[in-house]
Amino acid sequence: MTSTITRPVTAAQQTGLPADRILHSANAGVLVERVAQVAAGRGSDARAALRDMVSAVNEAGVATAMVFEETFGTRDRIHVLLHLRSLSDYDALLAPGGHDVSNGLFGATVSGRDRARWDGLFVPGEVRDTALLPHRFGMFGTATEAMAADPRMSPLVERDGLPVFDVQPAVAQTTVPADQILDSSTAGALMWRHVQFDYRYRAEARVFARTIAETMNLNMRGHATVLLYEELFGTMDRVHFLVHMRSLDVMYELMGLDARTDPDAPRASFLKDWVSLEKGGGTWEQMIVQGGTRDCALSPQNWA
């Protein structure tokens, strides 16, 4: 008796673009997560409207938009991920005559459609945006000794005579080869983890977060990729881990990795003292606000 392995649906299938033209969580400079609750009885209409709007944004070429559904959360809650190269590209989307993403969920007039089509599709007051930047060492006190010793490693560049922080895409966070990295376009499932850090340990917490993420990446090549993002214009010191999984059952492998006790497993980092003695010392749990961690499972919407 033979079994058939079903290939997971990925968000890349929504774009209709070749892989080298897709912006995703690993190569984008800015991510905007737009969450909306579909109104009761409007599920089919809302998803059809979203498909049209996302297709129009992707065809414009300034950004890449993808649609995900909460797998085990609130029914009919939609997550749209908008991937951009920079904040200036977001300005371009808002420019007159451009693809207005501020009006409605992605705008009611992107393709000349009637605004009435959008009215009533989503619950009023339930549309929420979160802007994210890929973390780079140098943010929030995380400058390394190597940066201090070598100006060429500085994250600062000069623009119009002023120092500007040069945000790098999240792929720069890992040493895993590109062909073994999963991202928002190639993952069969995403786990979105929000973590609230204690302000007193903001630098130590981010070094810990990057260490844990890379340890998981090195152990889970081709199966899962963890990337870290900073929340912009939102709650201070809340970070976002995007855990990109080949398929949903990779969660069992991640649980197995957590249970390992060898030196290469994440457990060794969890047992380490991350807080300096000057601040009283302590392990990772001291840096995270109690109750400030939340996970959300997302599945790419299937447009086949």
Side-chain angles (χ1 to χ4, degrees), residues 8 10-12 23-31 33 66 68 71-72 79 81 83 130 132-137 139-140 142 167-197 202 204-231 237-260 262-272 274 284-285 287-288 292-300:
T10 66
L23 288 170
H24 48 69
S25 56
N27 66 8
V30 179
L31 271 65
E33 179 200 24
M66 305 173 192
F68 296 79
T71 314
F72 300 115
H79 296 245
L81 298 188
H83 308 79
T130 304
L132 305 173
L133 297 180
H135 181 267
R136 179 178 181 181
F137 279 121
M139 287 180 172
F140 308 114
T142 57
V167 176
Q168 296 180 337
V171 68
Q173 296 175 6
T174 182
T175 59
V176 174
D179 61 350
Q180 298 178 34
I181 293 175
L182 291 165
D183 57 59
S184 55
S185 70
T186 59
L190 287 177
M191 183 172 72
W192 200 299
R193 173 165 291 180
H194 311 70
V195 179
Q196 182 66 52
F197 289 148
R202 58 193 331 223
E204 297 92 336
R206 286 167 170 82
V207 175
F208 162 75
R210 286 287 301 272
T211 301
I212 290 296
E214 182 65 345
T215 301
M216 297 182 75
N217 290 337
L218 294 172
N219 280 277
M220 298 293 295
R221 300 170 188 239
H223 295 256
T225 301
V226 185
L227 301 173
L228 181 68
Y229 303 82
E230 296 281 351
E231 186 167 321
D237 289 314
R238 181 161 60 192
V239 301
H240 298 250
F241 292 90
L242 267 64
V243 184
H244 309 80
M245 296 181 283
R246 184 192 57 207
S247 59
L248 194 58
D249 64 355
V250 168
M251 191 65 196
Y252 293 123
E253 299 173 21
L254 292 171
M255 293 167 65
L257 180 60
D258 274 343
R260 282 171 42 186
D262 58 278
D264 295 329
R267 181 175 181 271
S269 293
F270 284 115
L271 297 176
K272 178 181 175 181
W274 290 94
W284 67 275
E285 68 269 16
M287 302 182 292
I288 297 175
T293 301
R294 181 173 61 87
D295 290 344
C296 178
L298 303 177
S299 300

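Bear in mind the structure is a predicted one, so any value in this text is a computation, not a measurement. Just so you know, these numbers use all the heavy atoms, side chains as well, and skip hydrogens, waters and symmetry mates.
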Check your understanding: What pairs with Thr10 under side chain to side chain donor-acceptor pair (under 3.5 Å), at least two apart in sequence or on another chain?
Key ->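 Testing Thr10 for side chain to side chain donor-acceptor pair (under 3.5 Å), a comparison that skips the adjacent residues, returns none.
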Exercise for review: Could you list the residues that satisfy side chain to side chain donor-acceptor pair (under 3.5 Å) with Asp249, not counting sequence neighbours?
Suggested key: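 Side chain to side chain donor-acceptor pair (under 3.5 Å) check on Asp249 returns Ser247.
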Apply side chain to side chain contact (heavy atoms under 4.5 Å, CB included) to [X] and list each qualifying residue two or more places apart in sequence or on a separate chain.
X	result
Val176	Thr174, Gln180, Ile181, Asn217, Leu218, Arg221
Ser269	Thr211, Ile212, Thr215, Trp274
Ala28	Leu31, His83
Phe197	Val195, Ala205, Arg206, Ala209, Asp237, Val239, Ile288

Review point. Which residue pairs satisfy the salt bridge (Lys or Arg N to Asp or Glu O under 4.0 Å) criterion with at least one member in residues 207-220, sequence neighbours excluded?
Key: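 Pairs touching residues 207-220 that pass the test: none.
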Practice item. Sorted by first residue and then second, give each salt bridge (Lys or Arg N to Asp or Glu O under 4.0 Å) pair with at least one member in residues 167-190; sequence neighbours left out. Key: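 Listed once each, the pairs would be none.
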Taking all heavy atoms of [X] and all of [Y], pick out the closest pair and write down the distance.
X	Y	result
Gly188	Pro8	CA-CB, 3.9 Å
Ala170	Leu227	O-CD2, 3.6 Å
Ser25	Tyr229	O-OH, 2.5 Å
Pro134	Gly29	CD-O, 3.1 Å
Leu81	Ser184	CD1-CB, 4.3 Å
Leu254	Met220	CD2-CE, 3.9 Å

**Study point:** Which residues share a ring pair (Phe, Tyr, Trp, His ring centres under 6.0 Å) with His24, sequence neighbours left out
**Key:**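 His24: no ring pair (Phe, Tyr, Trp, His ring centres under 6.0 Å) contacts found.
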Exercise for review: Assess whether side chain to side chain contact (heavy atoms under 4.5 Å, CB included) is satisfied between Met245 and Leu182, documenting all intermediate values.
Suggested key: CA-CA 7 Å; Met245 296 181 283; Leu182 291 165; 5.7 Å; no
Quick check: do [X] and [Y] have side-chain heavy atoms less than 4.5 Å from each other?
X	Y	result
Met66	Pro300	no
Val30	Leu132	no
Pro266	Leu257	yes
Trp192	His79	no
His244	Thr186	no
His240	Thr130	yes
Val167	Arg136	no
Met216	Val243	no

[X]: which residues meet the salt bridge (Lys or Arg N to Asp or Glu O under 4.0 Å) condition with it, sequence neighbours left out?
X	value
Asp295	Arg193
Glu231	Arg238
Arg267	none

Practice item. Measure the acute angle between the ring planes of Phe137 and His135, then classify it against the limits of 30° and 60° as parallel, tilted or perpendicular. Key: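 Judged by the thresholds at 30° and 60°, the geometry between Phe137 and His135 is perpendicular.
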Check your understanding: Quick one: does Gln173's side chain have a donor or acceptor within less than 3.5 Å of a partner on Leu228's backbone?
Key ->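 Yes, because the side chain of Gln173 sits within donor-acceptor range (under 3.5 Å) of the backbone of Leu228.
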Exercise for review: Would you confirm whether Asp264, through its side chain, and Asn219, through its main-chain N or O, come within 3.5 Å as a donor-acceptor pair?
Suggested key: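 Here the side-chain-to-backbone pair does not exist.
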Review point. At what distance, to the nearest 0.5 angstrom, does CD of Gln196 lie from CZ of Arg294?
Key: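 Nearest 0.5 Å value for the CD-CZ distance: 12.0 Å.
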